[in-house]
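Written out below as structure tokens is the structure these notes cover.
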Amino acid sequence: MREILALTARPGVISFAGGLPAGELFDGAGLSAAFADALRDAARTLQYSTTEGDPDLRAAIAARLTGRGLATAADDVLVCSGSQQALTLAATVLIEPGDVVLVEEPSYLAALQAFSLAGARVVPVACDEDGLDPDAVAAAAAGGARLLYTIPTFHNPTGRTLPLERRRALAAVAERHGLWLIEDDPYGELRYRGEPLPSLATVPGAEDRTLYLSTLSKVAAPGLRIGWVRTPAPLRSSLVVAKQAADLHSSTIDQAAAARWLAAVDLDAHIAHLRAEYGARRDALVAGLADALPPGSVHNRPDGGMFVWARLPDGWDAEVMLRRALERDVAFVPGFPFFAGPPDRAALRFSFTAHPPDEIAEGLARLRASWH
Ligand code: PMP
């Protein structure tokens with residue numbers, strides 16, 4: 001996967017490959033002011049600090065989650081170096097070698113890697129257009145499983161969203177089988193259509209067994225490396241110890257600047273702007289994709305997030321198609337690396353956030369020319 005992304009990063013390539021937010025939409029001025037302000041208190045903001053995180057940042061995150069319907073106290077929030085670190089910490093704390101971790105098929109590659117590195121046996125669970133099938137989770141859990149990792153809203157790589165009824169059924173399955181749930185939600189605020197759905201962590205049966213992960217990466221900037229886990233009380237101290245052992249704490253200055261940025265920015269307005277821009281980019285990709293892919297291909301139309309999932313006709317290989325696309329300076333990601341089980345070689349993922357609609361149209365024209 002890393003080799004593929006390296007190829008797609010060549011100058012001049014219109015890339016639908018990496019899941020990059022649009023750099024021109026970062027609030028550079030606001031973040032610059034926040035860093036300058038934080039550095040005026042350098043004796044504190046350049047010092048070592050507590051493992052749990054900057055108190056103002058934890059409070060701001062808790063307030064945001066509470067406002068979105070997930071009642072959270074600042075003490076429930078462990079600030080991490082990206083939500084990626086929260087995945088590693090959760091794996092460290094929850095997994096003994098040989099434990100079964102259930103995952104969506106396909107799923108987020110770097111989470112699969114974190115679980116495998118912790119010694120887990122990663123077991124894929126079949127999904128359909130609505131995501132996980134709770135009955136399939138129950139069947140997979142029957143043999144004994146430690147936890148389920150899920151991205152229920154605007155999934156990576158498929159863009160799918162788990163409907164409310166399935167959230168309820170999944171919580172009941174988790175309760176019945178004593179499963180921990182990791183709800184990974186980096187994309188939930190990037191909704192372009194429809195109404196928000198409740199977090200799994202609020203659904204009866206799942207409240208006390210869900211580690212809810214999110215991040216500033218998609219709504220502010222990924223270079224900040226600020227994410228968090230909302231921890232069930234029994235796991236709090238072991239997660240803090242794991243974080244302490246990993247890196248003592250996340251960058252003091254970055255956290256202080258993020259807290260100041262959150263205090264100063266109109267976050268709803270900023271996210272509304274991202275939604276409008278990204279929604280238009282999604283529309284541009286979805287409108288042109290059928291024409292840009294070989295006849296008989298299919299793709300979905302996600303309600304939010306950053307990704308569209310597509311499938312070439314039987315017999316086509318997405319990796320071969322990528323090599324031809326790169327000759328025309330356009331790129332996407334083949335789907336096979338996202339599978340924990342036997343991969344679908346015809347699947348592919350398109351990210352629509354990094355280019356404005358006119359460049360998306362040009363990229364799709366190049367893609368069509370690459371196989372036509
Ligand atoms: N989870 C998912 C599903 C993701 O797609 C990503 C980023 N691509 C992450 C976690 C990690 O994000 P970050 O560490 O930047 O918060």
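Order of appearance sets the numbers: ligands from 1, and atoms from 1 within every ligand. What you are looking at is a predicted structure, and each value in this text was computed from that prediction instead of being measured.
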Practice task
Report the C-alpha separation of Arg345 and Glu319 in whole Å, then their side-chain angles, then the decisive distance to 0.1 Å, and conclude whether the salt bridge (Lys or Arg N to Asp or Glu O under 4.0 Å) test is met.
Solution key: CA-CA 8 Å; Arg345 300 284 313 178; Glu319 194 176 9; 2.7 Å; yes
Practice task
State which residue, out of Glu183, Arg160, Glu104, fulfils the side chain to side chain contact (heavy atoms under 4.5 Å, CB included) condition with Ile151.
Solution key: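 Among Glu183, Arg160, Glu104, the one meeting side chain to side chain contact (heavy atoms under 4.5 Å, CB included) with Ile151 is Glu104.
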Numbered atoms and elements of ligand 1 in range of [X], under 4.0 angstrom, heavy atoms:
X: Pro186; answer: 1 (N), 2 (C), 3 (C), 4 (C)
X: Thr215; answer: 13 (P), 16 (O)
X: Ile151; answer: 3 (C)
X: Arg225; answer: 13 (P), 14 (O), 15 (O)
X: Tyr187; answer: 4 (C), 5 (O), 8 (N)

Exercise for the section: Please work out whether any backbone atom (N, CA, C, O) or any side-chain heavy atom from C-beta onward of Lys218 is under 4.0 Å from ligand 1, and answer side chain, backbone, both or neither. Expected result: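 The side chain, only.
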Handout entry: Within reach of ligand 1, part of Ser217 (heavy-atom separation under 4.0 Å)
Key =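 Side chain only.
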Distance to 0.1 Å, residue and atom name: give those for the protein heavy atom nearest to [atom].
atom: atom 9 (C) of ligand 1; result: Tyr108 OH, 3.4 Å
atom: atom 12 (O) of ligand 1; result: Ser83 OG, 3.3 Å
atom: atom 1 (N) of ligand 1; result: Asp184 OD2, 2.5 Å

Practice task
Answer with yes or no whether Gly82 contacts ligand 1, where contact means a heavy atom under 4.0 Å from a ligand atom.
Solution key: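 In this structure, Gly82 qualifies as a contact of ligand 1 - some heavy atom is under 4.0 Å.
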Exercise for the section: Start with the C-alpha distance between Tyr149 and Phe115, add both sets of side-chain angles, then the distance that settles ring-ring contact (aromatic ring centres under 6.0 Å, His included), and finish with yes or no. Expected result: CA-CA 10 Å; Tyr149 168 71; Phe115 301 137; 5.3 Å; yes
Practice task
Check each of His249, Glu52, Gln85 against Lys243 using the side-chain hydrogen bond (donor to acceptor under 3.5 Å, both in side chains) test, and report the only one that passes.
Solution key: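 The option that passes is Gln85.
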Problem - Closest contact, heavy atoms only, Leu179 versus Ala145 - result: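 Scanning both residues completely, I find the closest heavy atoms to be CD2-O, 3.4 Å.
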Handout entry: Ion pair check, Asp54 and Arg58, cut-off under 4.0 Å
Key =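 No, Asp54 and Arg58 are not salt-bridged.
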Practice task
In plain terms, say whether Arg311 and Asp344 are close enough for a salt bridge, that is, a side-chain N and a carboxylate O under 4.0 Å apart.
Solution key: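 Salt bridge between Arg311 and Asp344, a charged N being under 4.0 Å from a carboxylate O: yes.
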Practice task
Look at the aromatic rings of Phe332 and Phe350 and report parallel, tilted or perpendicular, splitting at 30° and 60°.
Solution key: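 Judged by the thresholds at 30° and 60°, the geometry between Phe332 and Phe350 is tilted.
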